Amino acid sequence: MAEPLRTARAGALGEADAGREVRLAGWVASIRDHGGVLFVDLREATGVVQVVIDPVADPEVTELGRTLRDEYCIAVSGTVRLRPPGTANPDLPTGAVEVAATAVIVLSPSDPLPFRIDDRADVDENRRLEYRYLDLRRPRMAANLVARSRAMGAMRTTMLAQGFLEVDTPTLVKSTPEGARDVLVPSRLRQGSFYALPQSPQLFKQLLMVGGVERYYQIARCYRDEDFRADRQIEFTQLDIEGSFWDREGVFSALEPVIAAVARELRGVELPLPFPRITWHEAMRRYGSDKPDTRFGMELVDLGPVFTGTGFQAFAAVLAAGGLVAGINAGPRETTRSMLDGLVERARTLGAKGLVWAVVEADGTLRSPVAKHLGTPEQEGLKQALGAAPGDLLLLVGDRAKAARSVLGALRLDLGRPGGHDALDFLWVVDFPVFAVDDDGNLAPEHHPFTAPYRVEEMRNDPQNALSRAYDLVVNGVELGSGSERIHDPRVQREVFSILGISDAEAESRFGWFMRALRFGTPPHAGFAVGLDRLVMVLQDEPNIREVMPFPKTQTGYDPMTDSPSVVDDHQLRELGIDLRPEVRASLAGEPPGS
C-alpha cells in the first residue's frame, strides 16, 4: 500500500511535535540559500513551516533542493525539531520549529510566475484576475475564502437550529421584472423563447409558503444584469429566507442571530441585539441616504427656517419653488482653495447646480463667497442651526429636496466616513415607500412589485406617498439586503400591477402562474435576502466585493482568465435560432478581448 503524501499539516506543527517524523506536501513559498544550507518556506492551506535542507546531512536531497523554484508543488519527508536559539520567528504560528528534510519530491514544477505570491506585491487587478488561481494562493485571498466558507457554515448552523428547511429553487426561470435587467438564456428546444437566470428566488420562495414549508432558507446564486460597482457583480450569493405567518418582527428575530453568529465567527465580537431601527424618511432627512453610515454624525440640517425671506436669490428661488436648502457641518479642517474648489466640483458631478461653502473664522465671522449676501441674522442662524464653532467648514446645497439630500449625503460620506477601525453599526431601515418616483412622476417598485403596502386605500389614493412593509439591513453605510412582508391577496397584487401600468392581460401573461397560486389559501408571509459577498466584504474590511469572491468579473463584466463573455460559433447560434445583426458582427470582428 502506497504511503500517504502527508502525515501532518504544515501550519499545525509546534513545539510538541519536536522529534516527530512527518511527511508534508505543499508549495514553495520562498527559498533561501544561507551558505549552502537551503531554507524553504513550505506553504499549504493550514499555514507555513520552514524546511531545512542541509548539504552535510544529505547531499543528494540538497542537489534536488537547488532545482526548486517558487510555487513548485513538492512533498517533503523529515524530522520536526526546535529552531536553534535566537532563530525562532514569533510572527509565525510555526515559528518555534522547523523540519529537517530527509527527502524531497517535486510533485509538479511551476512556470515563471506572472507576479509574486505574497500580499506585499502591488499587482494590477486585471492581472490578478487573469491568474486568479495564483491570486487565491496569496494569504489575504486565502483568508477571505476561509472567511466566506465560515460565514456560510455559521448561517447554516443558525438557520437549522431555528427549524428552517433548506430548499433549492430553479436556476432557469421565467423572466419577471424585479428591478434590474434579467440575464437571459435561449432555449434550444423552444427556439425564440428564453429562460432567465434568477435575480432572486423571490416568487419560488413565496410558492414554498403556499406549499406549507413555513420556514425556508437557501444560500442562493443570483444574477442581475446591472452596472458594476465596488459592491456589485453580475452574479452573487445571498442567504435567502422566508417564513409563513410572519410580519417583519418574525424576520428580524430570525435573521439577527444569524448575522450575530457570522460576526462572532469572523470577527470574534458579540453584536448588541436587537439592531436599532430608523424609518426611510428619517434616514433620508438626517443622512441623505437610505443606507446611512451611522458611525459618525455630520447629519443634514434643514436650513429653510434660517433663510426664510433671504435676500440671497439662489436660496430664495429654491424655497419659493418648494425646494430644500440644507447643510452639514463638516467640522474643523484645513481649507485650501484647491480643496474647496474640489468640493464644489464634486457636488456638481453628484448632480448639484452648485455648492455653497462657509468657514467659521476665529472671530465668529463667516468666510464664504456668498457671505456678503447673507445678513447678520442669517449668518448667526446658520451657525446656530449647524452647531458651528471656529474652524468648522459648513456646506450648503439648495435644490429639489431629493437632489439636495442626495448630494449632501454623498459629501457627508466623502468627508466623514471613518477609516482604520473595526466598528460595526448595523441598522434596520424600515417603512420604505411602495413606489419610487422619477422626476417625471413615473412610478416603479421601490423594492419589487410583490411588497405589501401598509394600507391599500392609501396606495390607491396617493401612490406617490404610500408606505410599504419593506425593510433593509445596513451596516456602516453598506446595504446588506432587502426584505418585506409580501402581498398574499391576489386582489391587492392585481391593484399594484394596475398602478404600475401592467394590464390584466400582461399580468396574466407574465405572472398568471404565480397569481393562480395565490388563490389557494396563501398564508401571510415575509422574508429577506442577505448579500453574503457584501457581508463578508465588510467583516473582512475589504474595499470591494471582488476580493471575497472566488472568481469575480472586472468592473466591465469581463473575465480575463477565461476570456468571457466570448463569441460563439454560428453552428451554436443556429441551434438556438439566433442570428446576429450585421452591425453587431462587424463590431465583434474588430473588438479586442475585454473591451
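Since this is a predicted model, take the numbers as computed values, not measurements.
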Would you mind checking if [Y] and [X] are paired as a salt bridge, meaning a charged N to carboxylate O distance below 4.0 Å?
{"X": "R264", "Y": "E270", "result": "yes"}
{"X": "K205", "Y": "D240", "result": "yes"}
{"X": "R346", "Y": "D414", "result": "yes"}
{"X": "R486", "Y": "E242", "result": "yes"}
{"X": "D399", "Y": "K353", "result": "yes"}

message = For Y471 and F252: C-alpha separation, side-chain torsions, deciding distance, then whether ring pair (Phe, Tyr, Trp, His ring centres under 6.0 Å) applies.
response = CA-CA 10 Å; Y471 34 81; F252 293 0; 5.2 Å; yes
ask   = What pairs with S368 under side chain to side chain contact (heavy atoms under 4.5 Å, CB included), at least two apart in sequence or on another chain?
value = V356, A358, V370, A371
query = Can you name the residues that form a side chain to side chain contact (heavy atoms under 4.5 Å, CB included) with S338, not counting sequence neighbours?
reply = T336
query = Once the angle between the rings of F164 and Y217 is folded into 0 to 90°, is it parallel (under 30°), tilted (30 to 60°) or perpendicular (over 60°)?
reply = perpendicular
List for me each residue that meets salt bridge (charged side-chain N to carboxylate O under 4.0 Å, His left out) alongside [X], sequence neighbours excluded, and say none if there are none.
{"X": "E334", "result": "none"}
{"X": "R348", "result": "none"}
{"X": "K553", "result": "E235"}
{"X": "R405", "result": "none"}

request  = Give the intermediate values and the outcome of salt bridge (charged side-chain N to carboxylate O under 4.0 Å, His left out) for residues D124 and R128.
outcome  = CA-CA 6 Å; D124 175 75; R128 288 174 51 208; over 6 Å; no
Check whether the side chains of [X] and [Y] place a donor and an acceptor atom closer than 3.5 Å, and report yes or no.
{"X": "T169", "Y": "Q218", "answer": "yes"}
{"X": "T554", "Y": "R546", "answer": "no"}
{"X": "Y558", "Y": "D563", "answer": "yes"}
{"X": "Y287", "Y": "E299", "answer": "yes"}
{"X": "Q202", "Y": "Q206", "answer": "yes"}
{"X": "E378", "Y": "T310", "answer": "yes"}

task = Please list all pairs passing the ring-ring contact (aromatic ring centres under 6.0 Å, His included) test where one or both residues lie in residues 354-403, with sequence neighbours left out.
result = F312-H373
inquiry  = Y131: which residues meet the ring-ring contact (aromatic ring centres under 6.0 Å, His included) condition with it, sequence neighbours left out?
reply    = none
ask   = Mind checking what makes side-chain hydrogen bond (donor to acceptor under 3.5 Å, both in side chains) contact with R333, not counting sequence neighbours?
value = none
key: Partner set under side-chain hydrogen bond (donor to acceptor under 3.5 Å, both in side chains) for D392, not counting sequence neighbours   = N329
For [Y], does its backbone N or O pair with a side-chain atom of [X] as donor and acceptor, under 3.5 Å?
{"X": "T157", "Y": "G153", "answer": "yes"}
{"X": "D341", "Y": "V344", "answer": "no"}
{"X": "T365", "Y": "E361", "answer": "no"}
{"X": "R412", "Y": "M298", "answer": "yes"}
{"X": "S406", "Y": "K402", "answer": "no"}
{"X": "T46", "Y": "G11", "answer": "yes"}

Which donor-acceptor pairs under 3.5 Å do the side chains of residues 422-432 make with protein atoms, sequence neighbours left out?
unit_1 : atom_1 : unit_2 : atom_2 : d
W428   : NE1    : E256   : OE2    : 2.7
D431   : OD1    : R248   : NH1    : 3.0
D431   : OD1    : Y454   : OH     : 2.6

key: Pairs touching residues 139-148 that satisfy side chain to side chain donor-acceptor pair (under 3.5 Å), sequence neighbours left out   = R140-E542, N144-Q540, N144-E542, R148-T237, R148-D533
task = Calculate, to the nearest 0.5 Å, the distance between atoms CG and CD belonging to L255 and Q162 respectively.
result = 8.5 Å
query = If you round to the nearest 0.5 Å, how far is CD1 of I328 from CG of L394?
reply = 9.5 Å
query = Under the side-chain contact (heavy atoms from CB on, under 4.5 Å) criterion, do L129 and M561 qualify, and how do the steps go?
reply = CA-CA 6 Å; L129 294 183; M561 182 179 68; over 6 Å; no
